[in-house]
Amino acid sequence: MRPELQRPRGTQDILPPESGRMEKMRRTAIDTAQAYGYQLVETPVFEQTPVFLRVGESTDIVQHERYSFTDVGGVDLTLRPEGTAAIARAYVENGLYNKPQPVRMCYYGPMFRREKPQALRYRQHTQFGAEIYGSVEPEADAEIILLACSVVEKVGLHSPVVRLNSIGCSECRPRYRESLIAYYEGRRSDLCEDCQIRLQTNPLRLLDCKIDVGIRSLAPDIKDYWCEDCRRHYGRLAELLSEAGREVVRDPYLVRGLDYYTRTVFEIGHPSLGDQTALFGGGRYDGLATTLDGPAATPAVGFGMGIERMLSAADKDFGLDRTLSVYVAHLPGYNTQAFIISEGLRQGQIAAEADLMDRSLKAQLRDASRRSHYVVIVGGQEWAEGSAAVKDLRRNEQKTVPVDELLDYFRRRD
RNA sequence: GUGGAUGUAGCUCAGUUGGUUAGAGCACCAGGUUGUGGCCCUGGGGGUCGGGGGUUCAAGUCCCCUCAUUCACCCCA
């Protein structure tokens with residue numbers, strides 16, 4: 001196929017049965033969120049570019065990986081690279097801060113990042129996420145993390161170890177930042193090229209560099225700089241999670257790449273995906289809504305979860321359960337009767353299909369055995385008596401059922 | 001964005017130092033069985049050898065470019 005007629009780089013066609021697994025995943029995620037009191041919010045897949053720029057000036061996914069275009073009239077638009085900024089915008093724009101707090105929301109849909117693709121790193125991928133607005137308390141952080149863990153378990157993965165950290169608040173982070181810069185400044189010549197730049201732009205990112213691990217092992221730990229509130233917040237969160245039976249480990253190097261976070265950050269990966277790919281991640285961002293012209297104090301916590309990665313790590317048979325399905329086969333000359341019977345079953349909410357290619361009975365049965373549990377054979381002796389043969393293909397049992405009782409017969413088996 | 005590997009049928013892959021109409025297994029379709037799937041036998045359909053250009057009497061095979069995938073970085077879901 002000519003290159004210009006192929007799908008764009010880093011995107012994918014999702015065909016059955018994978019599309020079915022996707023759909024099951026979507027339902028599982030949203031149902032679980034609803035059980036926690038989170039309701040679905042749908043926002044556009046594109047926003048005005050400033051919505052993202054406000055939120056992440058030194059964030060890679062907004063700075064270098066943007067899919068942007070100019071609309072007629074000169075409006076600058078960007079395909080959303082993540083869900084949090086859009087939800088914050090919607091929260092502010094729709095005045096949800098006037099609703100009873102906290103406001104619990106979840107979202108599900110495609111995200112776009114113009115990066116170099118790799119396995120499980122796509123230019124269009126699907127994210128599920130949840131956000132809770134209005135509570136400054138660590139209970140909110142805990143609920144969000146428990147929800148994410150719960151979805152992971154519902155997919156058949158055993159409970160993940162949550163990597164947790166706090167990057168402090170506007171009061172204590174500047175002090176930490178200073179001593180971090182001072183520490184790295186003294187070792188400047190030993191740093192890799194990227195870290196030389198990070199030192200200027202985003203010093204916290206120095207901590208998750210994989211090259212200069214030796215240098216960072218002696219770097220100051222933010223934990224020693226937490227203010228009283230931050231210390232209490234982290235301690236209570238860790239306590240709540242372990243009380244709830246979740247395994248938590250503090251990762252002093254976890255800082256995350258989006259720079260709207262305050263205090264809590266967390267991330268979990270999965271062994272089957274390798275260390276480079278996170279299953280879900282998130283944190284607290286108390287200043288985000290304000291940045292988007294929302295009320296002064298609008299606390300929020302949330303996470304984003306990679307659906308393709310979840311499915312890759314999930315049980316192979318997750319989402320593959322078949323519904324009861326009936327194949328209505330016909331003997332030569334009974335095409336019409338079979339066609340009508342299949343429609344009658346469908347109208348009665350039984351998944352059914354008939355042969356549409358005038359195939360031999362042998363071919364119909366072969367096809368039926370691949371896609372159905374039951375086959376109805378229309379025609380011949382049974383038809384003359386007002387009945388049809390019904391065969392259970394897995395048990396290899398066959399019986400005669402009156403035509404007008406077929407629907408009841410299959411309903412009883414549902 | 002940087003560096004490496006790989007692209008032959010729907011899938012997994014063979015294809016000798018360039019040499020007739022490019023093969024296998026699985027999958028698909030038909031027949032053997034005029035009313036019964038799976039097993040077996042026989043036959044069949046399906047390929048611009050990722051795309052473009054070049055070298056050559058001759059290119060799947062050699063060279064260049066390009067596209068895509070993939071791995072390590074970068075970063076994240």
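No hydrogens, no waters, no symmetry mates; every other heavy atom, side chains included, goes into these values. Within every chain, numbering begins at 1; the chains are lettered A, B, ... in the order of the sequence lines, protein sequences first and strands thereafter.
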* **All ring-ring contact (aromatic ring centres under 6.0 Å, His included) counterparts of A:Tyr261, not counting sequence neighbours** => A:Tyr285
* **Sugar-phosphate or base contact per nucleotide [nucleotides 34-44 of chain B; S, B, -; heavy atom under 4.0 Å]** => -BBBB------
* Sub-4.0 Å heavy-atom contacts from residues 14-23 of chain A onto RNA chain B, ordered by number -> none
* Of all residues at least two apart in sequence or in a different chain, which pass the side-chain hydrogen bond (donor to acceptor under 3.5 Å, both in side chains) check with A:Glu405? -> none
* Enumerate the residue pairs fulfilling side-chain hydrogen bond (donor to acceptor under 3.5 Å, both in side chains) with a member in residues 137-147 of chain A, sequence neighbours excluded, ordered by first and then second residue. => A:Tyr38-A:Glu143, A:Arg104-A:Glu143, A:Glu139-A:Arg236, A:Asp141-A:His233, A:Asp141-A:Thr264, A:Asp141-A:Arg284
* Sub-4.0 Å heavy-atom contacts from residues 29-41 of chain A onto RNA chain B, ordered by number -> none
* Structure fact -> Residue pairs passing the side-chain hydrogen bond (donor to acceptor under 3.5 Å, both in side chains) test with at least one member in residues 334-347 of chain A, sequence neighbours excluded, are A:Asn335-A:Asp358, A:Ser342-A:Arg346, A:Glu343-A:Arg346, A:Glu343-A:Gln347
* To do: Could you note down all residue pairs passing ring pair (Phe, Tyr, Trp, His ring centres under 6.0 Å) where residues 116-144 of chain A supplies at least one of them, sequence neighbours left out?
  => A:Tyr91-A:Tyr133, A:Phe128-A:Phe303
* Structure fact -> Contacts satisfying salt bridge (Lys or Arg N to Asp or Glu O under 4.0 Å) that involve residues 333-342 of chain A (not counting sequence neighbours) are none
* Asked: ring pair (Phe, Tyr, Trp, His ring centres under 6.0 Å): which pairs involve residues 146-180 of chain A, sequence neighbours left out?
  -> A:Tyr176-A:Tyr225
* **side-chain hydrogen bond (donor to acceptor under 3.5 Å, both in side chains): pairs with one or both residues in residues 164-173 of chain A, sequence neighbours excluded** => A:Asn165-A:Arg250
* To do: Indicate for each nucleotide in nucleotides 4-10 of chain B, in 5' to 3' sequence, whether protein heavy atoms under 4.0 Å reach the base (B), only the sugar-phosphate (S), or nothing (-).
  => -------
